[in-house]
Amino acid sequence: MMISSKVKVGVLVFLLFVGAGIGLFYWNDSSSKSDLTSESVKKTLYKFATVINLKLYGDDESERHFKAVEKMLDDIDQQINMSNKDSEIHAINEAAGKKAIKVSKGTFDLMKVSIEYAKDTQGAFDPSIGPLVSLWKIGNGGEHVPDVNLINQAKSLVNYKDIIMDEANLTIKLAKEGMSLDLGGIGKGYAADLVADYLHEEQVESAIIDLGGSSIIAIGRKPSGEQWRIGLQDPDRERGEQLALIQLDNETIDSSGVYERFFMENGVRYHHILDPKTGFPTKNGLKSVTIIGGTATDADVLSTAVVVMDLEEGMAYMKQKQNVEAMFITEDNRIYMTPGLKGKINLTNTRYTLVE
């Protein structure tokens, strides 16, 4: 079963463990007079190879909040960043096939949720995809297609059912040597929800967050009471040319696309979204999927998992979800939306066709 998709207050951090790709979103900064009279404070953080811009309105304790958020991100890094050799996830990977590793309750609970998502998506999302990610290295120096024997070997080590959880002792063990966890597809959402809970407790009422131009998070509304206007970047055009406008009210938006990180070989594009079942980058006609609503964890996992599915399967899957919607863009520039997005997205680019 999926975790709750109920929108809380807003979220703050999406792309924690992934290098920023092409800018997917940008927010309309045209302010009304009432917005201008509300004092705002901006902070830029650089964590986990991602530029995080935070803008809080009417917050007298913003500096304290910024420091608390930064410490929270550093703590999360020590738990679930596989690239951090001191992290708990790195320790689990190093001990694969040998012994169980005791972890914090936060890491254990996140792994439980990850396995729930893996079951719910029938493996489209799989937290044990580490061997394939490490082999392809797309976005991290990989420039060539690996040998098919190496791909098959790595693929054989990807199976969330081989993650052994011991709740009584808070230990995690990978059943086979060579297995490895990669929580890049969920860790950022997990972090975002923790930060959102903190901001909620601190009664932050209005904020807009720009994460490297790839994620936008709206907390509350603009100080004027208006909704935030978010531009969805045309993936085939220069930065700033939008394909649609989206209005957000205390919501999250996250997108995954096959054009973000990739390499070209023999005229073929190999992108970073890997299918655990084939061991190769997905190739199903989908250019991108945008998730609106739900928690940051929902959006983080779903934006990747649904790209792995094809359009028909992904649309059917998303229609079953509550309080979370999806927009699909196919390689022939057709746009498909789940029913809850009707009237919420205004298509502004004639290169794209909305399929009713």
Under 6.0 Å from the [atom1] atom of [X], do we count more than 12 heavy atoms belonging to anything else shown?
| X | atom1 | result |
| --- | --- | --- |
| Gln122 | CD | no |
| Gln203 | CD | no |
| Asp74 | CG | yes |
| Lys173 | NZ | yes |
| Gln153 | CD | no |

Report yes if some heavy atom in the side chain of [X] is under 4.5 Å from a heavy atom in the side chain of [Y]; otherwise report no.
| X | Y | result |
| --- | --- | --- |
| Asp166 | Leu170 | no |
| Leu56 | Phe66 | yes |
| Ile253 | Thr290 | yes |
| Leu232 | Met327 | yes |
| Ile186 | Val113 | yes |
| Tyr57 | Ser62 | no |
| Ile335 | Leu243 | yes |
| Ile219 | Leu199 | yes |

Closest heavy-atom pair and its distance - [X], [Y]:
| X | Y | value |
| --- | --- | --- |
| Ile291 | Ala326 | CD1-CB, 3.9 Å |
| His65 | Tyr198 | CD2-OH, 3.0 Å |
| Leu286 | Met309 | CD1-O, 3.3 Å |
| Gly220 | Asn250 | N-OD1, 2.8 Å |
| Tyr160 | Asp126 | N-OD2, 3.3 Å |
| Thr304 | Ser256 | OG1-OG, 3.5 Å |

Once rounded to the nearest 0.5 Å, what's the spacing between atom [atom1] of [X] and atom [atom2] of [Y]?
| X | Y | atom1 | atom2 | value |
| --- | --- | --- | --- | --- |
| Met111 | Ser128 | CE | OG | 8.0 Å |
| Lys42 | Leu54 | NZ | CG | 10.0 Å |
| Asp197 | Met72 | CG | CE | 8.5 Å |
| Lys112 | Ile163 | NZ | CD1 | 14.0 Å |
| Glu331 | Lys287 | CD | NZ | 7.5 Å |
| Lys222 | Trp228 | NZ | CH2 | 7.0 Å |

Modelled atom types, side-chain donor and acceptor of [X] and [Y], under 3.5 Å:
| X | Y | result |
| --- | --- | --- |
| Lys176 | Asn159 | no |
| Asp298 | Thr295 | yes |
| Thr338 | Glu325 | yes |
| Thr282 | Asn284 | no |

Check the pair Phe328, Ser288 against side chain to side chain contact (heavy atoms under 4.5 Å, CB included), reporting the backbone distance first and the verdict last.
CA-CA 6 Å; Phe328 301 76; Ser288 74; over 6 Å; no
Between [Y] and [X], does any NZ, NE, NH1 or NH2 come within less than 4.0 Å of an OD or OE carboxylate oxygen?
| X | Y | result |
| --- | --- | --- |
| Asp332 | Arg334 | yes |
| Lys43 | Glu70 | no |
| Arg64 | Glu202 | yes |

Cationic tip of Lys319 within the cone over Tyr317's six-membered ring, i.e. under 6.0 Å and within 45° of the normal?
no
Is a donor on one side and an acceptor on the other found under 3.5 Å between the side chain of [X] and the backbone of [Y]?
| X | Y | result |
| --- | --- | --- |
| Asn349 | Gln242 | yes |
| Thr252 | Ala296 | no |
| Asn93 | Leu181 | yes |
| Asp193 | Thr297 | yes |
| Trp136 | Gly279 | yes |

Using the salt bridge (Lys or Arg N to Asp or Glu O under 4.0 Å) criterion, which residues pair with Lys344? Sequence neighbours excluded.
Glu251
Treat each ILVMFWY residue as a node, draw an edge where side-chain heavy atoms are under 4.5 Å apart, and state whether [X] and [Y] are in one component.
| X | Y | answer |
| --- | --- | --- |
| Val301 | Ile89 | yes |
| Ile76 | Leu110 | yes |
| Leu183 | Leu132 | no |
| Ile164 | Ile129 | no |
| Ile80 | Ile92 | yes |

Between Gln227 and Leu248, is the side chain to side chain contact (heavy atoms under 4.5 Å, CB included) condition met? List the steps.
CA-CA 6 Å; Gln227 292 179 309; Leu248 296 186; over 6 Å; no
Please determine whether side chain to side chain contact (heavy atoms under 4.5 Å, CB included) holds for the pair Asp59 and Glu61, giving the CA-CA distance in whole Å, both sets of side-chain angles, and the decisive distance to 0.1 Å.
CA-CA 5 Å; Asp59 182 5; Glu61 297 188 81; 4.1 Å; yes
Between Tyr270 and Phe263, how do the two ring planes meet: parallel, tilted or perpendicular, split at 30° and 60°?
parallel
Output, in order, the C-alpha distance, side-chain angles, deciding distance and verdict of side chain to side chain contact (heavy atoms under 4.5 Å, CB included) for Asp77 and Asp86.
CA-CA 9 Å; Asp77 181 60; Asp86 296 323; over 6 Å; no
Might you work through the side chain to side chain donor-acceptor pair (under 3.5 Å) test for Asn84 and His90, ending with a clear yes or no?
CA-CA 7 Å; Asn84 182 345; His90 188 270; over 6 Å; no
Contacts of Tyr352 meeting ring-ring contact (aromatic ring centres under 6.0 Å, His included) (sequence neighbours excluded), chain-then-number -> none
Audit row: Ser87, Asn81, side chain to side chain donor-acceptor pair (under 3.5 Å) steps and yes/no
CA-CA 6 Å; Ser87 73; Asn81 185 355; over 6 Å; no
Please table the atom pairs, donor to acceptor, closer than 3.5 Å between any side-chain atom in residues 100-108 and protein atoms at least two apart or in another chain.
residue: Lys102; atom: NZ; partner: Asn169; partner atom: O; Å: 3.0
residue: Ser104; atom: OG; partner: Gln79; partner atom: NE2; Å: 3.3
residue: Ser104; atom: OG; partner: Glu88; partner atom: OE1; Å: 3.1
residue: Ser104; atom: OG; partner: Glu88; partner atom: OE2; Å: 3.4
residue: Ser104; atom: OG; partner: Thr107; partner atom: N; Å: 3.4
residue: Ser104; atom: OG; partner: Thr107; partner atom: OG1; Å: 3.2
residue: Lys105; atom: NZ; partner: Asp109; partner atom: OD2; Å: 2.7
residue: Thr107; atom: OG1; partner: Glu88; partner atom: OE1; Å: 2.5

